[in-house]
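Heads up, the thing below is written out as structure tokens.
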Amino acid sequence: MKLDNKKIFKTLNPNKVWVPVLIGLGIVFLMFYLDPTVNSDTLKGIFDASAPYIILAVLVIFSRDLGYVYRIREITDRQLTWTRSIYVIILWEFASAVTPSVVGGTAVAMFILNKEGIKMGKAIAFVMVTAILDNLFFVIGAPIILYFAKGNIFPDSRLLETQLGNSLEAIFWISYALYASYSIVMAAALFYRPRVFKWVLIKIFSLKFLSKWKHDAQEYGNQIIEASRQLSGKNYRYWLPIIGATIFIWTSRYLMLNALVAAFVPMDMMDHVIVFARQVIMWIVMMISPTPGSSGTAEFFYGQFFSQFLGQYTFVTSIAWRMLSYYPYLILGAIFLPRWIRQVFFKKKLKEEEE
């Protein structure tokens with residue numbers, strides 16, 4: 001597989017951080033301007049936060065990032081050092097933050113792993129494994145947490161009812177069905193019958209109105225076969241830590257917001273379950289957002305999903321939530337990217353010239 005370096009570097013561009021920042025700030029200022037309940041006193045509400053819960057939220061999100069670093073190191077059979085794993089995760093998160101969520105940073109992740117010395121076939125396999133495991137967490141975990149939420153998963157919002165009616169629930173279940181189908185098909189292709197998958201793919205794209213994508217389909221089929229070959233023979237000692245890390249990562253991702261909400265308002269166990277469950281719903285909404293890193297979309301829907309718990313603290317916690325879970329990766333990516341380029345390209349080139 002050949003990656004278009006120009007497109008990759010167009011994505012890995014530090015100047016791109018301003019696009020999602022401006023979109024996010026624009027939505028925040030618009031919400032501030034249009035909502036009569038938001039004023040200077042509302043902003044002062046940030047000082048009402050419980051310090052222990054804020055610290056807990058920071059620790060949880062930091063633990064999630066450590067989980068990402070640990071998982072990529074284990075997935076690559078520890079070919080990456082801890083330092084290189086940190087670089088990979090920061091740049092991967094940066095790529096996801098500056099591209100629409102529906103696009104993601106898959107191609108960039110393959111490129112980064114390849115430049116870190118991992119052969120392209122293995123890089124494809126490792127990225128596909130992470131994508132399948134992440135999707136399977138949602139597919140398997142969503143019904144479980146939604147069951148415990150006892151039906152209190154879709155918010156009572158006049159604005160959402162006016163704009164979407166009952167379609168939010170329909171969007172969620174349709175999206176869930178698509179994610180489940182995609183995850184099952186890809187898991188079967190990768191671990192069970194990759195050549196059958198390629199054959200079916202080519203047959204589908206041999207149809208007249210799809211024929212112009214037949215070459216791309218064939219190439220994708222070859223990638224699946226190569227990725228499957230790289231993963232064959234892996235035993236439970238390889239898979240258990242990776243699966244455990246995936247559960248830990250996504251649980252931490254959601255629990256961070258639980259800690260943030262608890263910093264401002266008292267919550268019982270059922271409230272925590274509902275907040276956790278609603279993040280699953282909101283995640284789907286953010287995944288289909290056309291903006292980089294769901295910027296703007298996330299801030300808007302946050303208020304609709306969690307205002308019943310937070311009341312006057314909804315606005316300030318929406319800003320705090322994005323400050324903890326999103327903007328750090330824009331900043332870190334912009335800092336680490338030039339260093340990574342120097343290390344991977346220029347130092348490597350100098351070393352080759354010396355030899």
Glu74 CD to Ile243 CD1 distance, which is reported to the nearest 0.5 Å: 12.5 Å
Nearest atoms (heavy-atom pairs only) where Gly333 meets Leu91: O-CD2, 4.4 Å
With heavy-atom distances below 4.5 Å as the criterion, would you say the side chains of Gln218 and Phe205 are in contact? no
Distance from Arg73 atom CZ to Thr81 atom OG1, nearest 0.5 Å? 7.5 Å
Tyr87 six-ring face occupied by Arg84 cation (under 6.0 Å, within 45°): yes
Assess the residue pair Ile319 and Ile46 against the criterion (side chain to side chain contact (heavy atoms under 4.5 Å, CB included)); give the C-alpha distance rounded to whole Å, side-chain angles, the decisive distance to 0.1 Å, and a yes or no. CA-CA 10 Å; Ile319 298 172; Ile46 192 69; over 6 Å; no
Any chance you could lay out the side chain to side chain contact (heavy atoms under 4.5 Å, CB included) test for Val196 and Tyr192, step after step, and finish with the verdict? CA-CA 9 Å; Val196 172; Tyr192 186 57; over 6 Å; no
Between Phe138 and Tyr176, does the ring centroid distance fall short of 6.0 Å? yes
Can a donor-acceptor pair be found between the side chains of Tyr302 and Thr317 at a distance below 3.5 Å? yes
ring-ring contact (aromatic ring centres under 6.0 Å, His included) involving Tyr220 - partner list, sequence neighbours excluded: none
Do you know the tightest heavy-atom contact between Ile72 and Val69? CG2-O, 3.3 Å
Taking it one step at a time, do Asp48 and Tyr313 satisfy side chain to side chain donor-acceptor pair (under 3.5 Å)? CA-CA 9 Å; Asp48 295 337; Tyr313 298 113; 2.9 Å; yes
Hydrophobic cluster membership, with links at side-chain heavy-atom distances under 4.5 Å among I/L/V/M/F/W/Y: are Ile174 and Tyr182 in one? no
Between Asp77 and Lys122, is there a side-chain N and carboxylate O pair less than 4.0 Å apart? no
Report the residues that fulfil side chain to side chain contact (heavy atoms under 4.5 Å, CB included) with Ile90, sequence neighbours left out, ordered by chain and then residue number. Ile86, Leu332, Phe336
Approximate separation, where rounding is to 0.5 Å, of Ile204 CD1 and Ser211 OG: 14.0 Å
Donor-acceptor pair, side chain of Ser232 and main chain of Arg229, under 3.5 angstrom: yes
Between Arg64 and Met256, is there a side-chain heavy-atom distance shorter than 4.5 Å? no
Are Asn222 and Glu226 close enough that some pair of their side-chain heavy atoms sits under 4.5 Å apart? no
Under 3.5 Å, is there a donor-acceptor pair between the Trp340 and Glu116 side chains? yes
Does Leu59 sit in a hydrophobic cluster with other residues, and if so which ones, taking ILVMFWY side chains as linked at heavy-atom separations under 4.5 Å, directly or through other members? Ile55
Return yes if a side-chain donor-acceptor contact under 3.5 Å exists between Arg71 and Thr246, otherwise no. yes
Looking at every heavy atom in both Ala277 and Ala149, which two are closest together, and how far apart are they? CB-CB, 3.8 Å
Is a donor on one side and an acceptor on the other found under 3.5 Å between the side chain of Arg278 and the backbone of Phe305? yes
Show the nearest heavy-atom pair for residues Ala109 and Val127, with the distance to one decimal. CB-CG2, 3.8 Å
Heavy-atom closest pair (Met186 atom, Phe197 atom, distance to 0.1 Å) is SD-CZ, 4.2 Å
Is any NZ, NE, NH1 or NH2 atom of the basic residue among Arg253 and Asp65 found under 4.0 Å from an Asp or Glu carboxylate oxygen of the other? no
Would you mind reporting whether Trp82 and Tyr70 have side-chain heavy atoms less than 4.5 Å apart? yes
Sub-4.5 Å side-chain heavy-atom contact between Thr130 and Phe126: no
Does Tyr238 have more than 12 heavy atoms from other residues, nucleotides or ligands lying within 6.0 Å of its OH? yes
For residues Val261 and Tyr53, determine if any side-chain heavy atom of one lies less than 4.5 Å from a side-chain heavy atom of the other. no
Do Phe276 and Tyr254 have ring centroids that are under 6.0 Å from one another? yes
Distance from Ile249 atom CD1 to Asp134 atom CG, nearest 0.5 Å? 7.0 Å
Would you say Ser228's side chain and Leu190's backbone share a donor-acceptor pair under 3.5 angstrom? yes
Please determine whether residues Phe62 and Leu330 belong to a single hydrophobic cluster, defined as Ile, Leu, Val, Met, Phe, Trp and Tyr linked transitively by side-chain heavy-atom distances below 4.5 Å. no
Kindly work out whether a path of hydrophobic side-chain contacts (I/L/V/M/F/W/Y, heavy atoms less than 4.5 Å apart) joins Val139 to Phe248. no
When you look at Trp92 and Val108, which way does the side chain to side chain contact (heavy atoms under 4.5 Å, CB included) test go after all the steps? CA-CA 7 Å; Trp92 194 338; Val108 175; over 6 Å; no
Minimum side-chain heavy-atom gap Leu113-Leu80 below 4.5 Å: yes
Would you say the side chain of Leu255 lies within less than 4.5 Å of the side chain of Leu56, judging by non-hydrogen atoms? no
Going by atom types alone, do Lys119 and Asn114 pair a side-chain donor with an acceptor below 3.5 Å? no
For the atom pair CE (Met267) and CD1 (Ile274), what is the distance rounded to the nearest 0.5 Å? 8.5 Å
Rounded to the nearest 0.5 angstrom, the OH-CD1 distance for Tyr329 and Ile89 is 10.0 Å
Are Ile184 and Ile224 connected in the hydrophobic side-chain network, where two residues link if heavy atoms are under 4.5 Å apart? no
For atom NZ of Lys203, is the number of surrounding heavy atoms from other residues, nucleotides or ligands below 6.0 Å larger than 12? no
Walk me through whether Met128 and Leu231 qualify under side chain to side chain contact (heavy atoms under 4.5 Å, CB included). CA-CA 11 Å; Met128 284 184 174; Leu231 294 169; over 6 Å; no
Test of understanding: clusters of I, L, V, M, F, W, Y form through side-chain heavy atoms closer than 4.5 Å, transitively. Do Leu240 and Ile242 belong to the same one? no
Shortest non-hydrogen pair, Leu201 vs Gly221, comes out as CD2-N, 4.2 Å
